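Every value quoted in this text rests on a predicted model; they were computed, and no experiment measured them. Reminder, nothing fancy here: chain letters follow the sequence lines and each chain counts from 1. Side-chain atoms are counted along with the backbone in the values below, which use heavy atoms only and exclude waters and symmetry mates.
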2 protein chains.
Amino acid sequence: MTDSAVESTDRKILQLLASDGRMSFTDLGKATGLSTSAVHQRVKRLEQRGLIQGYGATVNHAELGLPLTAFVSIRPIDPSQPDDCPDRIRDITEIESCWSVAGTEAYLLKVRTATPAALEDLLGRIRNVANVSTRTTIVLSTYYENRPVTD
Amino acid sequence: MTDSAVESTDRKILQLLASDGRMSFTDLGKATGLSTSAVHQRVKRLEQRGLIQGYGATVNHAELGLPLTAFVSIRPIDPSQPDDCPDRIRDITEIESCWSVAGTEAYLLKVRTATPAALEDLLGRIRNVANVSTRTTIVLSTYYENRPVTD
DNA sequence: GGTGAAACCGGATACCT
DNA sequence: AGGTATCCGGTTTCACC
């Protein structure tokens with residue numbers, strides 16, 4: 001069930017934490033007009049309710065040696081066999097995201113590699129392990145990624 | 001220039017912060033065998049070098065009232081006119097990510113909306129403001145998103 | 001770059017409204 | 001549910017190696 005009542009103070013807190021995950025409870029309090037402990041309580045509740053799923057640092061993949069980003073569309077080769085593709089590819093570390101999608105293809109992946117050769121190798125592994133065909137779209141430039149969308 | 005020398009302690013720190021952006025310097029120290037202040041220095045340096053681009057909370061969009069995720073492929077209608085599509089759509093808040101891509105289409109967007117009707121409205125706004133045609137792929141289910149990929 | 005100590009500030013909790 | 005007071009642990013800075 002979608003426990004929908006997320007009221008405006010909680011939304012504000014979520015928005016602030018989405019754009020600065022290390023903001024202190026004190027600063028969140030100043031921004032929302034609440035005391036530190038009231039904010040503290042609310043954040044813990046938001047974590048428990050699963051509205052905050054976690055916290056992460058955004059890493060510069062290009063500088064880290066993974067300058068190549070691509071989207072891989074996936075279509076099962078044999079429609080009669082059980083489709084457990086997400087399970088089969090779960091341990092491939094280059095895969096950042098995995099969605100199932102509507103349309104002519106079944107899944108969409110977002111992947112990161114060091115070089116075109118590494119991407120080629122990755123595509124081979126995906127095809128082998130999941131018995132699928134792939135269609136790859138290379139990212140030329142990233143304007144922005146994972147901007148907070150809270151309304 | 002890509003200042004490539006990111007050695008193993010820094011990589012470890014980046015990996016830990018990518019999966020827990022609120023981890024304390026004390027705990028990072030325990031995990032890396034360094035003192036709190038040494039980790040502190042390293043993290044500040046990683047932030048300044050731009051290897052850490054920021055920190056964010058991961059928000060549950062479905063529970064927040066934005067259960068619909070979609071990818072929108074974009075193609076300019078008039079190839080002769082200046083292509084400033086990313087600038088023109090920058091202020092549309094439903095757009096979470098914007099990439100330029102190789103292939104038959106020019107850009108790829110990831111968007112979040114409350115309902116199919118809101119998606120329809122969003123697509124209209126994108127087409128109007130940027131003079132483009134769109135092709136939309138709806139996400140049926142998200143297995144995982146933004147998993148840390150550090151090697 | 002690293003350590004360890006000291007001052008300071010934020011997080012966590014108990015208690016009261 | 002929110003505020004106040006308190007305690008403890010984390011953050012930050014600095015002198016030294």
Side-chain angles (χ1 to χ4, degrees), chain A residues 1-66 146 148 150-151, chain B residues 1-66 146 148 150-151:
Chain A
M1 208 220 87
T2 304
D3 170 4
S4 297
V6 184
E7 47 80 19
S8 80
T9 306
D10 281 343
R11 293 194 103 90
K12 182 84 189 171
I13 291 171
L14 288 168
Q15 211 174 291
L16 290 163
L17 282 175
S19 40
D20 179 4
R22 293 196 82 131
M23 191 178 287
S24 71
F25 295 130
T26 309
D27 286 348
L28 287 169
K30 283 172 191 156
T32 54
L34 285 168
S35 70
T36 308
S37 66
V39 174
H40 184 255
Q41 265 183 140
R42 277 175 182 264
V43 171
K44 292 301 157 199
R45 225 176 306 133
L46 289 167
E47 289 169 356
Q48 275 166 7
R49 284 209 277 162
L51 275 150
I52 294 173
Q53 293 175 318
Y55 301 90
T58 306
V59 153
N60 187 332
H61 292 93
E63 298 277 326
L64 242 189
L66 297 167
N146 301 124
T150 45
D151 48 47
Chain B
M1 207 219 87
T2 303
D3 171 4
S4 299
V6 184
E7 47 81 19
S8 80
T9 307
D10 281 343
R11 292 194 104 88
K12 181 85 190 170
I13 291 172
L14 287 168
Q15 212 174 289
L16 290 163
L17 282 175
S19 41
D20 179 3
R22 293 198 83 137
M23 189 178 287
S24 71
F25 295 126
T26 308
D27 287 347
L28 287 168
K30 283 172 191 157
T32 54
L34 285 167
S35 68
T36 306
S37 59
V39 174
H40 183 253
Q41 266 183 133
R42 277 176 184 263
V43 171
K44 292 300 156 198
R45 223 176 304 132
L46 289 168
E47 289 169 355
Q48 275 166 6
R49 284 209 278 161
L51 275 149
I52 293 173
Q53 294 175 318
Y55 301 91
T58 306
V59 154
N60 187 332
H61 292 92
E63 297 278 326
L64 242 189
L66 296 167
N146 301 125
T150 46
D151 47 45

>> Ignoring hydrogens, what is the shortest heavy-atom contact between A:L17 and B:R22? Give both atom names and the distance.
In response: CD2-NH1, 3.6 Å
Identify all pairs in which a protein N or O lies below 3.5 Å from an N or O of nucleotides 4-6 of chain D, and state each distance.
unit_1	atom_1	unit_2	atom_2	d
D:dT4	O4	A:S37	OG	2.9

> Rounded to the nearest 0.5 Å, how far apart are CD of A:E63 and CG of B:L14?
Replying inline: 11.0 Å
>> For the CG atom of A:N146 and the OG atom of A:S19, what is their distance to the nearest 0.5 Å?
In response: 13.0 Å
> Rounded to whole angstroms, how far apart are CD on B:E7 and C1' on C:dG1?
Replying inline: 10 Å
>> From the set D:dT11, D:dG2, C:dG11, return the single nucleotide nearest to any side-chain atom of A:L34.
In response: D:dG2
> What integer distance in Å separates A:Q41:CD from C:dG11:P?
Replying inline: 15 Å
> Starting at NZ of A:K30 and ending at P of D:dG2, how long is that distance when rounded to a whole Å?
Replying inline: 19 Å
> To the nearest Å, how far apart are B:F25 CZ and C:dG4 P?
Replying inline: 18 Å
> If you look at every heavy atom in A:G50 and B:N60, which pair is closest and at what distance?
Replying inline: O-CB, 3.2 Å
> Between A:R45 and D:dA1, does any side-chain N or O lie under 4.0 Å from OP1 or OP2?
Replying inline: yes
> For A:L28 and C:dG11, what is the distance between atoms CG and C1' respectively, to the nearest whole Å?
Replying inline: 12 Å
> For A:M23 and D:dT11, what is the distance between atoms CE and C1' respectively, to the nearest whole Å?
Replying inline: 17 Å
Protein-nucleic acid N or O pairs under 3.5 Å, nucleotides 15-17 of chain D:
none

With a cut-off of 3.5 Å and sequence neighbours excluded, list every side-chain donor-acceptor pair involving residues 29-41 of chain A.
unit_1	atom_1	unit_2	atom_2	d
A:T32	OG1	A:L28	O	2.7
A:T32	OG1	A:G29	O	3.4
A:S35	OG	A:A38	N	3.3

>> To the nearest 0.5 Å, what is the distance between CD1 on A:I52 and NZ on A:K44?
In response: 8.5 Å
> Between A:I13 (CD1) and D:dG2 (P), how many Å, whole number?
Replying inline: 9 Å
> For C:dG2, does either OP1 or OP2 sit under 4.0 Å from a side-chain N or O belonging to B:R42?
Replying inline: yes
>> Is B:H40 close enough to D:dT11 that one of its side-chain N or O atoms is under 4.0 Å from OP1 or OP2 there?
In response: no
>> If I take atom CD from residue A:Q15 and atom CG from residue A:D20, how far apart are they, to the nearest 0.5 angstrom?
In response: 13.0 Å
> Which one of B:K12, B:R45, B:R42 satisfies the salt bridge (Lys or Arg N to Asp or Glu O under 4.0 Å) criterion with B:E7?
Replying inline: B:R42
>> Which heavy atom of B:L51 sits nearest to which heavy atom of A:L64, and what is that distance?
In response: CD2-N, 4.2 Å
> What integer distance in Å separates A:Y55:OH from C:dG11:P?
Replying inline: 11 Å
